Each structure stands twice: as structure tokens, then as C-alpha cells.
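Take a look at the structure below.
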Amino acid sequence: MLGTGSISFFRYVVLVGLISAACSDATGVVRPKALPQLNHDPILFVHGLGGSSASFAQMRARFVADGWRDGVELFGFTYSYLVTNAAAGQEIYNQVNHIMTVTGAKKVDIISHHAGSLSSRFYLRNFGGVEKVDAWVSLGGPNHGSTAVGQCSSIACQEIAPKSAFMTALNAVVEAQPPVRYATWQSPCDELVVPQSSVAIHDAANSVTACMKNAALITDAAVYEQVKTFVR
């Protein structure tokens with residue numbers, strides 16, 4: 001006769017067996033979870049200073065309406081730390097590797113806004129991102145610095161100054177590193193990137209939008225359509 005302890009153990013064995021069966025095929029061999037079928041390269045949205053993953057909510061909704069699947073082909077994140085743009089580049093490295101692991105994608109696309117352009121370019125240049133990224137988009141990115149940063153206190157913000165050591169190193173030698181496809185969108189009315197021409201990158205597909213504020217570059221319908229065409 002089994003005691004109560006034996007009954008509990010018996011139930012445990014049965015439960016483990018049920019779980020194992022659910023994770024195994026008919027031969028009892030545990031199979032890895034199937035990777036999703038991708039219709040597009042996954043997109044990683046990279047926000048700027050003061051932003052979050054929610055900054056791209058409207059653009060992500062438009063991509064979903066046009067056939068991209070959220071959580072499978074669309075990914076966003078909020079920096080857990082943003083001490084320097086280099087540290088942010090490390091986080092982007094982690095995010096891209098995670099996306100490639102869970103989707104099986106060979107390449108990802110990056111859509112960045114404002115200072116997210118700097119951290120993502122740092123990732124491309126210093127963390128081997130040129131081998132993992134197909135298309136890179138900069139929406140109102142201060143790619144050659146901006147005099148509009150003022151007297152900001154954070155290092156990441158100070159690095160946006162046109163002649164900072166970070167900015168000088170970022171733009172040394174080749175700005176648009178192949179085989180990545182680079183594209184930028186700049187507004188003639190951008191209040192955060194001064195001069196506005198700072199956005200354009202040598203050897204990239206550089207576009208000038210209608211007059212709009214910096215934040216509108218990630219919500220404007222016409223800009224979205226152009227970005228979608230570029231990354232598709």
C-alpha cells in the first residue's frame with residue numbers, strides 16, 4: 001500500500017510525463033520550437049533621447065496594417081540604460097541577436113529616430129552590425145551633430161555636439177558602410193537638428209520632407225510610405 005508521500009510522487013511522475021509528451025513527437029524526441037515563416041525582414045525600431053518603444057506606436061500600427069506581423073517582424077525596446085550612445089549600441093547588439101535567434105532571420109532592418117540614429121550607427125560600425133542589417137533608416141537623426149542640444153547634462157546628449165569626440169569618430173572614414181543600405185529623412189523645419197543638413201549621410205539615400213517638427217517624422221503618413229518602400 002502506498003503512503004501519501006508515494007501518491008504525491010506518483011502524481012509528480014505523471015505530470016512530468018504529460019509535459020514531456022506535449023514537447024515531444026511520436027518517437028519521444030523533443031523538437032525545438034518551429035521558427036516563424038517571414039514575409040519581410042524583421043524591423044527593430046530604435047528611439048532617441050527621452051523616447052521609448054511607444055514612440056513608434058503609430059508607425060508600427062501602419063506596418064501591421066500593411067502586412068507586417070507585430071512581435072514576429074516588428075520589434076521595439078526601451079533602453080534599460082542610456083549613459084552613452086556606445087552603451088546604447090551594446091543594447092542594440094543584444095536586441096538584434098535576440099531577433100535573429102527567435103525568428104531565424106538572416107538580416108534585420110533598423111528604423112531609428114533622432115539620437116537613436118547615433119547609437120544604431122555605432123552598433124553598425126563597432127559591433128559587427130553591417131553583417132546583420134539590410135536597411136538602416138534615420139528619421140531626423142543628428143548624424144553630424146546638432147547645435148540645438150544646449151547645455152544638456154547627460155553624456156549621451158553631450159555627444160550630439162558637432163565636434164564631440166564621439167561624433168568625430170562616428171563619421172570617420174566611411175559614413176555609409178556597405179553592404180547595409182542607408183537612408184535618411186530630414187525636415188527643413190526640424191527644431192532639434194541644427195543645421196538640418198546634419199541628417200544627410202554621404203552615399204546614403206537622403207530625402208527632404210515637408211516642413212514638420214522632429215517628432216512628426218515618425219508619425220507623418222507620407223514619410224511612412226517612403227520608409228516602407230525603402231525597407232520592403
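It should be emphasised that the depicted structure is a prediction, and the values quoted were computed from it without experimental measurement. All values below were derived from every heavy atom in this structure, side-chain atoms included, with hydrogens, water molecules and symmetry-related copies excluded.
- Taking CE of M100 as the start and CG of D41 as the end, the distance is 9.5 Å to the nearest 0.5 Å.
- Taking OH of Y182 as the start and CG of N143 as the end, the distance is 10.0 Å to the nearest 0.5 Å.
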### Query
Should I160 and L118 be marked as a side-chain contact (heavy atoms from CB on, under 4.5 Å) after you check the CA-CA gap, both sets of side-chain angles, and the distance that decides it?
CA-CA 8 Å; I160 299 176; L118 306 183; 3.8 Å; yes
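- Side-chain contact between L170 and E159 is absent, with no heavy-atom pair separated by less than 4.5 Å.
- Remark: the backbone N or O of S52 is not paired with any side-chain donor or acceptor of T78 at under 3.5 angstrom.
- When the side chains of ILVMFWY residues are joined at heavy-atom separations under 4.5 Å, either directly or via intervening members, Y123 and F75 end up in a single hydrophobic cluster.
- Under a hydrophobic-cluster definition in which Ile, Leu, Val, Met, Phe, Trp and Tyr are linked whenever side-chain heavy atoms come within less than 4.5 Å, directly or via other members, V193 and V208 are assigned to different clusters.
- Looking only at side-chain heavy atoms (C-beta outward), T84 and F122 stay at 4.5 Å or farther from each other.
- Under the 4.5 Å side-chain heavy-atom criterion for ILVMFWY residues, no single connected hydrophobic cluster contains both L192 and V46.
- Using a 3.5 Å distance cut-off with no hydrogens or angles, the side chains of S112 and S117 do pair a donor with an acceptor.
- Under 3.5 Å, the side chains of N206 and T184 contain a donor-acceptor pair of N or O atoms.
- Although no hydrogens or angles enter the test, the distance criterion places a donor-acceptor pair under 3.5 Å between the side chain of E191 and the main chain of N214.
- Atom OG of residue S120 and atom CZ of residue R125 lie 12.5 Å apart, to the nearest 0.5 angstrom.
- Of all heavy-atom pairs spanning D66 and K228, the tightest one is OD2-NZ, 3.1 Å.
- What you find for V130 and P179 is that their closest heavy atoms are O-CD, 3.6 Å.
- In this structure a side-chain-to-backbone donor-acceptor pair under 3.5 Å is missing from S187 to C211.
- Rounding to the nearest 0.5 Å gives a distance of 15.0 Å between CH2 of W185 and CG of D190.
- In this structure, CG in N97 is found 3.5 Å from NZ in K132, a value given to the nearest 0.5 Å.
- Linking Ile, Leu, Val, Met, Phe, Trp and Tyr residues whenever their side-chain heavy atoms come within less than 4.5 Å places L124 and M167 in a single cluster.
- Aromatic ring centroids of F45 and H113 lie 6.0 Å or more apart.
- Using a 4.5 Å heavy-atom threshold, the side chains of V108 and L44 count as separate.
- Judged purely by distance below 3.5 Å, without hydrogens or angles, the side chains of T209 and D220 never pair a donor atom with an acceptor atom.
- Counting heavy atoms from C-beta outward, H144 and P162 have side chains that stay 4.5 Å or more apart.
- Between T103 and V72, the closest heavy-atom pair is CG2-O, 3.5 Å.
- At least one side-chain heavy atom of I110 sits under 4.5 Å from a side-chain heavy atom of I92.
- A single hydrophobic cluster is seen to contain both I218 and F230, as judged by linkage of ILVMFWY side chains at heavy-atom distances under 4.5 Å, directly or through other members.
- A donor-acceptor pair is defined here as one N or O able to donate and one able to accept, closer than 3.5 Å; no such pair exists between the side chain of S53 and the backbone of F77.
- Distance check: R232 CZ to D109 CG gives 12.0 Å after rounding to the nearest 0.5 Å.
- Across V64, T219, L139, a single residue satisfies side-chain contact (heavy atoms from CB on, under 4.5 Å) together with M59, and that is L139.
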### Task
Applying side-chain contact (heavy atoms from CB on, under 4.5 Å), run through K213 and C189 and close with a yes or a no.
CA-CA 6 Å; K213 298 295 187 181; C189 302; 5.8 Å; no
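- Minimum heavy-atom separation, V223 to L217: CG1-O, 3.4 Å.
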### Message
The test is side-chain contact (heavy atoms from CB on, under 4.5 Å); show your working for S138 and I201 and say whether it passes.
### Response
CA-CA 10 Å; S138 172; I201 291 179; 5.5 Å; no
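- No side-chain heavy atom of E73 sits less than 4.5 Å from a side-chain heavy atom of I43.
- Not a single donor-acceptor pair under 3.5 Å links the side chain of S198 to the backbone N or O of V194.
- Judged by distance alone, the side chain of Q186 and the main-chain N or O of S207 form no donor-acceptor pair under 3.5 Å.
- Partners of H40 by ring pair (Phe, Tyr, Trp, His ring centres under 6.0 Å), not counting sequence neighbours, listed by chain and number: W68.
- Looking at D203 and E175, their side chains never come closer than 4.5 Å, going by heavy atoms from C-beta outward.
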### Message
Applying side-chain contact (heavy atoms from CB on, under 4.5 Å) to L38 and R69, what does each step give before you reach the verdict?
### Response
CA-CA 9 Å; L38 299 176; R69 290 169 293 167; 4.2 Å; yes
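- E91 and S80 are linked by a side-chain donor-acceptor pair at a separation below 3.5 angstrom, with hydrogens and angles left out of the test.
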